[in-house]
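First the structure, in the form of C-alpha cells, and then the observations on it.
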Amino acid sequence: MNQKFAVSGMVSSAYVHIPFCRRRCFYCDFPVSVVGDRLRGETSGTISHYVEVLCQEIANTPNFSQSLQTIFFGGGTPSLLSTQQLAQILEALEQSFGIAPQVEISMEVDPGTFDLAHISGYQSLGVNRVSLGVQAFQEELLKVAGRSHSVKDIFAAVELIHKVEIPEFSLDLISGLPHQSLDQWSDSLEKAVATNPTHISIYDLTIEPGTAFNRYYKPGDNPLPTDETTVKMYQMGQQVLTGKGYAHYEISNYARPGHQCQHNRVYWENRPYYGFGMGAASYTDKKRFTRPRKTQEYYQWVQAGCKIDCEITPPAEVLLETLMLGLRLAEGVSVSNLQAEFGEEKIGEMYQCLQPYLEKGWVKVTEGRLQLTDPEGFLFSNVILADLFNQLG
C-alpha cells in the first residue's frame with residue numbers, strides 16, 4: 001500500500017470519542033468522565049446529553065468527504081453506549097457524510113461492560129471490528145493498573161465476541177506495568193494468542209503527567225520494570241507473535257494477513273480524518289485541531305458553532321509528521337513520494353540526519369522505501385525521531 005501525502009483532499013475516516021468510564025485507570029491521561037458502575041448508556045442522562053451534543057457537532061461540521069470508509073469509536077469506554085445511542089451517532093454520520101457499504105466500523109470495548117444483547121446490537125448496527133482492552137491476564141496486575149474488570153470478565157467477553165462472530169477481533173496488552181515480570185508477560189502473550197484474535201496491540205507503559213501512576217511512581221525506579229526488562233518484553237512480544245503468524249506491521253501492532261486496522265493506517269499514512277467529541281483531534285482542510293478536553297468547555301464550543309480556529313499546517317511540519325507517523329509502519333515511507341512532496345534538498349537533509357542510524361542498522365532503505373528495522377529500529381524509534389525533529393524542525 002502506497003504512502004499518501006495529500007491532506008487537502010477528501011476525508012474518508014472519522015474518529016468518535018466516547019469519554020465515559022466506570023473508573024479511571026491509573027495510567028490514563030485521556031479526557032474521560034467517570035460514570036461509576038452504571039453499565040448502560042440508557043440509564044445515564046449524562047451520556048445521553050453528551051450524545052446529543054456530539055451529534056450536533058457532527059451536523060455542524062463541513063463536509064469534506066463523499067462517504068466514510070472507516071469509523072472508530074474510542075474512549076473512554078464506548079461499550080457503555082446503548083445500542084440506541086450508537087445508532088443515533090451512526091445516523092448523524094450517515095446524514096452528514098454518508099457511510100460506504102464496505103465501511104470498517106471499529107469499537108473499543110472493555111470486559112465486563114457488555115452482554116450478548118449489546119454486542120449483538122452493536123454488530124447489527126454495522127460494528128465489524130472490536131478492540132478488547134485486556135491489558136493483562138493476571139488479577140494482581142489488573143488491580144495495579146486500576147482496571148475495573150477481572151480475568152474471568154476477559155474470557156467471558158472473548159466468548160461473547162466469538163459467539164456473535166464479529167469478523168475483526170483485536171486485543172490490547174500493556175507491557176512494563178509495575179511489578180510485571182517476564183514470566184507474567186510471557187503468560188499474557190500466550191493467553192492472548194489462545195483467544196484467537198485477528199489483531200493484537202502491545203503498548204509499552206508510559207508514565208504520563210497528571211495520572212495516578214505519575215503520583216505513585218518515578219520512571220526507572222522500582223516497582224517498574226527496568227529498561228532492560230522492558231526491552232526484553234518488546235523482543236519477546238515480537239518473537240512470540242510473529243512465530244504465531246501475526247505480522248508485525250506497526251511498532252505496537254500485529255495482525256494476521258488481511259486483518260490490519262484500516263482506520264489506524266489513516267493516521268500512520270498522515271491522511272485527513274474527522275475527529276468528533278470531547279478532546280478529539282481532527283486533520284481536515286490541512287488543519288490539525290483538538291477539541292476542548294473538559295466536558296463543559298466542549299459543550300460551550302459546540303454551542304458556539306464548532307469553530308476550528310487554527311492555522312494551516314506548514315510544509316516543514318507536515319514532513320515531520322509524515323516521518324513520525326509513517327516510520328511507525330514496517331513498510332515505512334516512499335522516498336520518491338517524499339521527494340515529490342517536499343523537494344530533494346529537504347530529503348537530502350533528512351538522509352544526512354539519518355546516516356548514523358543507517359550505519360547502526362536501525363534504519364534501512366528497501367525498494368525505495370525508508371524503514372525502521374525490526375526490532376532494533378522500532379526499539380530506538382524515539383531517539384531517531386527526536387533527532388529528525390531537532391535537525392529538520
Side-chain angles (χ1 to χ4, degrees), residues 17-39 44 46-47 50 74-80 108-113 131-151 153-154 171-185 187-188 201-234 237 251-252 277-281 290-299 324 379 381-383 385-386 389:
H17 189 67
I18 308 300
F20 300 101
C21 289
R22 291 196 293 179
R23 65 187 293 183
R24 180 183 282 277
C25 300
F26 297 156
Y27 53 80
C28 175
D29 73 334
F30 296 138
V32 299
S33 299
V34 175
V35 293
D37 288 327
R38 292 174 292 184
L39 296 186
S44 171
T46 301
I47 297 178
Y50 177 83
T77 309
S79 48
L80 292 179
E108 292 180 347
V109 298
D110 274 5
T113 64
S131 180
L132 185 67
V134 170
Q135 317 314 358
F137 279 88
Q138 296 77 32
E139 296 287 0
E140 60 271 30
L141 291 182
L142 293 174
K143 291 177 182 177
V144 162
R147 298 295 288 173
S148 60
H149 67 264
S150 65
V151 174
D153 291 333
I154 294 172
L171 184 149
D172 292 356
L173 294 175
I174 295 181
S175 63
L177 287 167
H179 304 286
Q180 190 175 36
S181 68
L182 285 170
D183 285 343
Q184 288 174 321
W185 180 238
D187 179 62
S188 282
S201 298
I202 294 176
Y203 301 107
D204 185 43
L205 177 69
T206 302
I207 306 295
E208 300 288 358
T211 62
F213 271 1
N214 189 56
R215 297 193 299 272
Y216 301 159
Y217 309 118
K218 184 177 179 181
D221 288 354
N222 287 327
L224 295 173
T226 64
D227 288 345
E228 180 182 4
T229 299
T230 57
V231 166
K232 288 180 179 178
M233 287 178 175
Y234 189 87
I251 285 180
S252 301
M278 188 176 88
T290 301
R291 284 134 193 81
R293 289 174 59 91
K294 295 184 178 180
T295 307
Q296 292 307 314
E297 291 177 6
Y298 168 67
Y299 289 169
M324 178 185 72
L379 277 168
S381 60
N382 287 342
V383 175
L385 294 172
F389 268 69

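- Listed here is the closest heavy atom pair of Val32 and Cys21: CG1-SG, 4.1 Å.
- Judged by distance alone, the side chain of His17 and the main-chain N or O of Pro31 form a donor-acceptor pair under 3.5 Å.
- Within the 4.5 Å cutoff, the side chain of Thr211 has no heavy atoms near those of the Tyr216 side chain.
- Interatomic distance, CG of Asp29 versus CD1 of Ile207, reported as 11.0 Å (0.5 Å rounding).
- Pairing each heavy atom of Leu224 with each of Gly176, the nearest pair is CD2-O, 4.1 Å.
- Here Leu173 contributes atom CG and Asp204 contributes atom CG; the two are 12.5 Å apart, rounded to the nearest 0.5 Å.
- Counting non-hydrogen atoms of other residues, nucleotides and ligands closer than 6.0 Å to CG of Asp187 gives a total above 12.
- A distance of 9.0 Å separates NE2 in His149 from CZ in Arg22, rounded to the nearest 0.5 Å.
- Note that CD of Glu208 and CG of Asn214 are 8.5 Å apart. Values are rounded to the nearest 0.5 Å.
- The closest side-chain heavy-atom distance from Gln138 to Val151 is not below 4.5 Å.
- Using a 4.5 Å cut-off on side-chain heavy atoms (C-beta onward), Ser175 and Thr230 make no contact.
- By the 4.5 Å heavy-atom criterion applied to side chains, Met233 and Leu182 are counted as neighbours.
- Using a 4.5 Å heavy-atom threshold, the side chains of Leu80 and Ile18 count as separate.
- Heavy-atom minimum distance, Ser131 versus Asp172: OG-OD1, 3.4 Å.
- Atom CH2 of Trp185 sits about 11.0 Å away from atom OH of Tyr234, to the nearest 0.5 Å.
- Arg291 and Tyr298 get closest at one heavy-atom pair: CB-CD1, 4.4 Å.
- In terms of heavy-atom proximity, Asp110 sits nearest to Thr113 at O-OG1, 2.6 Å.
- Closest non-hydrogen pair, Ala136 versus Leu141, comes out as CB-CB, 3.9 Å.
- Within a 6.0 Å sphere centred on OH of Tyr217, other residues, nucleotides and ligands contribute more than 12 heavy atoms.
- Side-chain atoms of Pro178 and Leu205, non-hydrogen and from C-beta on, do get closer than 4.5 Å to each other.
- With rounding to the nearest 0.5 angstrom, the CZ atom of Phe30 is 10.0 Å from the CZ atom of Arg24.
- The shortest distance between side-chain heavy atoms of Ser33 and Met278 falls below 4.5 Å.
- The shortest distance between side-chain heavy atoms of Arg147 and Tyr27 falls below 4.5 Å.
- Side chains of Glu139 and Ser150: a donor-acceptor N/O pair is absent below 3.5 angstrom, by distance only.
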